[in-house]
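Counting from 1, the numbers follow the sequence of the chain as shown.
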Amino acid sequence: MVKYVLKRILQLIPVLIAVIFLIYVLQFLAKGDPAVMRLGTDATPEELNEWRENYGLNDPLLVQFGKYLGGILLRGDLGTSYRTGQPVTDEIFSRWPVTFTLAIATNVVGFSLGLMLGIVSALKRDTWIDNLARVFGMLGSSVPTFWFALLLILLFSIQLRWLPVSGWYGPQYWVLPALTQGILSAAAYMRNVRASVLDNVKQDFVRTARAKGQRESVVVWHHIMGNAMIPIVTAIGMHFATALGGTMIIEQIFAIPGLGRFMVESINNRDFPQLRASIILTAITVTVINLLIDIAYAFIDPRIKGSFARGSNRRKKKLEQDKEAGAV
């Protein structure tokens, strides 16, 4: 298991380097001069050139990339903001927990609702319950996030006055953003769970368990869901990554001081160091989540768990043989 985890971690390093390089290429191709955005159109060419020289923008692309990558690896330096002239690290890490908390709340709502609807829809296949759940899945995939958010604001904040409209000052401010993204993502969860349960509900081991007189709850949660969890766990990782990237719209609508809103502000200000740092931190978070999902496979899928056990037994057997050979 340790060898597998280390191998996966090493595989993430070139992925992150490729992400940083891609950001640099896109920044290089983007329209708009950060020097003009910062100093204004009244600045002289000498002032603009001096500002670019201070931030290393006159260097070739590969030189800029090498310096930036070296700063990250050697000093943990994510760059200096064009707008404030301060290191971006403090502001980035103050906003990241907000986005991460919102992503967790979104997935809790989405997974709880999607799991329930998916199981019921699969077990009641071709009934009115199944049809209703499938309509929900279709609507959830079609409704725009911003439009659904405005509907919830009109209902719960303006008419009923139950929840605050915007901000991030306590748990009551989390409800509307989490419901907005969570209910829509529940539609995708529902389809994934329904498909996974349907793949297992008519298998021989399920019929055998029912023939032995097992309770229906045991059949569903132990036999069916135990084998359906692999694609469901994969869906959890995918939806969590989507929630991290999709918070831009939610944070803009609800005025949440998170990483997504920070990215939008960085794009508008052509503050590329802030944008790069935000994307890198998001990419690291997503890759770590994917790593945890891969590790979870070993505890869910008995075939993967068995492969680790067989590998460990083979190593033990080889060590014993080497010891015996050395003794002879």
Side-chain angles (χ1 to χ4, degrees), residues 16 19-43 48 51-52 54-57 64-65 68 71-72 76-106 144-150 152-153 157 164-170 173-174 176-178 180-181 240-286:
L16 293 176
V19 168
I20 299 173
F21 182 73
L22 180 61
I23 297 169
Y24 252 98
V25 172
L26 294 177
Q27 167 197 317
F28 185 78
L29 298 176
K31 294 183 179 181
D33 188 349
V36 176
M37 294 288 293
R38 182 70 182 95
L39 301 180
T41 56
D42 296 332
L48 295 175
W51 189 92
R52 296 190 194 99
N54 291 334
Y55 285 93
L57 297 180
Q64 293 184 42
F65 172 72
Y68 186 73
I72 294 176
D77 183 13
L78 293 175
T80 303
S81 171
Y82 294 161
R83 181 173 55 88
T84 64
Q86 300 296 321
V88 302
T89 307
D90 294 339
E91 192 162 9
I92 287 291
F93 283 100
S94 67
R95 291 172 178 262
W96 178 80
V98 175
T99 297
F100 192 75
T101 302
L102 179 58
I104 291 177
T106 294
T145 304
F146 70 90
W147 183 77
F148 189 59
L150 294 177
L152 293 183
I153 290 173
S157 298
V165 176
S166 62
W168 193 261
Y169 306 106
Y173 290 86
W174 306 355
L176 278 183
T180 300
Q181 192 79 9
F240 192 87
T242 303
L244 283 175
T247 55
M248 289 185 183
I249 299 175
I250 296 297
E251 290 177 3
Q252 284 291 106
I253 294 174
F254 293 100
I256 298 173
L259 206 57
R261 189 181 179 192
F262 189 62
M263 289 185 194
V264 175
E265 295 173 355
S266 302
I267 294 172
N268 293 333
N269 296 323
R270 295 295 188 274
D271 199 336
F272 294 126
Q274 289 184 348
L275 181 61
R276 284 196 300 264
S278 302
I279 295 176
I280 291 170
L281 187 57
T282 302
I284 292 174
T285 305
V286 172

Are more than 12 heavy atoms from other residues, nucleotides or ligands located less than 6.0 Å from atom CG of Asp42? no

When rounded to the nearest 0.5 Å, the distance separating CD of Gln252 from OG1 of Thr145 is 13.5 Å

CH2/Trp147 to CD1/Ile253 distance, rounded to the nearest 0.5 angstrom? 12.5 Å

Intermediate values then yes/no, ring-ring contact (aromatic ring centres under 6.0 Å, His included), Trp51 and Tyr82: CA-CA 10 Å; Trp51 189 92; Tyr82 294 161; 5.1 Å; yes

Applying side chain to side chain donor-acceptor pair (under 3.5 Å), run through Ser81 and Gln274 and close with a yes or a no. CA-CA 6 Å; Ser81 171; Gln274 289 184 348; 3.0 Å; yes

Looking at Pro164 and Ser157, what are the two nearest heavy atoms and their distance? O-OG, 3.5 Å

Residue among Thr106, Val98, Thr99 satisfying side-chain contact (heavy atoms from CB on, under 4.5 Å) with Leu102: Thr106

When Phe272, Tyr24, Phe21 are each screened for ring-ring contact (aromatic ring centres under 6.0 Å, His included) with Tyr68, the one that passes is Tyr24

Does any donor atom in the side chain of Thr285 or Trp96 lie under 3.5 Å from an acceptor atom in the other side chain? yes

Below 4.5 Å, heavy atoms only, C-beta onward: do Ile280 and Leu16 meet side chain to side chain? no

Taken to the nearest 0.5 Å, the spacing of Ile153 CD1 from Phe148 CZ works out to 11.5 Å

Mind checking whether Thr282 and Met263 have side chains closer than 4.5 Å, heavy atoms only? yes

Spatial distance of atom CD (Gln181) from atom CD1 (Ile249) [nearest 0.5 Å]: 8.0 Å

side-chain contact (heavy atoms from CB on, under 4.5 Å) between Leu275 and Ile267: does it pass, once the steps are laid out? CA-CA 7 Å; Leu275 181 61; Ile267 294 172; 3.9 Å; yes

Kindly indicate, with the supporting measurements, whether the criterion side-chain contact (heavy atoms from CB on, under 4.5 Å) is fulfilled by Leu281 and Leu78. CA-CA 10 Å; Leu281 187 57; Leu78 293 175; 6.0 Å; no

So CD1 of Ile284 and CD1 of Ile279: to nearest 0.5 Å the spacing works out to 12.5 Å

Within the structure provided, determine whether Gln64 and Leu57 are in side-chain contact (heavy-atom separation under 4.5 Å). yes

Would you check if Ile256 and Arg261 make a side-chain contact, meaning some heavy-atom pair closer than 4.5 Å? no

So, do Thr80 and Gln86 sit near enough that their side-chain heavy atoms are less than 4.5 Å apart? no

Over all atoms of both residues, closest heavy-atom pair of Pro97 and Phe93: CD-O, 3.0 Å

Please name the pair of heavy atoms, one in Ala283 and one in Val19, separated by the smallest distance, quoted to 0.1 Å. CB-CG1, 4.2 Å

Does Thr180 reach the side chain of Phe254, with side-chain heavy atoms less than 4.5 Å apart? yes

Test log, rule side-chain contact (heavy atoms from CB on, under 4.5 Å), inputs Ile250 and Phe146: CA-CA 7 Å; Ile250 296 297; Phe146 70 90; over 6 Å; no

Ignoring hydrogens, what is the shortest heavy-atom contact between Trp174 and Pro177? Give both atom names and the distance. O-CD, 3.4 Å

Working to the nearest 0.5 Å, report the span between OG of Ser266 and CD1 of Ile92. 6.5 Å

If you compare all heavy atoms of Pro257 against all heavy atoms of Trp168, which two are closest, and at what distance to 0.1 Å? CD-CB, 3.6 Å

Criterion side-chain contact (heavy atoms from CB on, under 4.5 Å) on Arg83 and Arg270, from CA distance to verdict: CA-CA 9 Å; Arg83 181 173 55 88; Arg270 295 295 188 274; over 6 Å; no

Flag the pair Phe240 / Val286 as yes when at least one side-chain heavy-atom distance between them is below 4.5 Å, and no otherwise. no

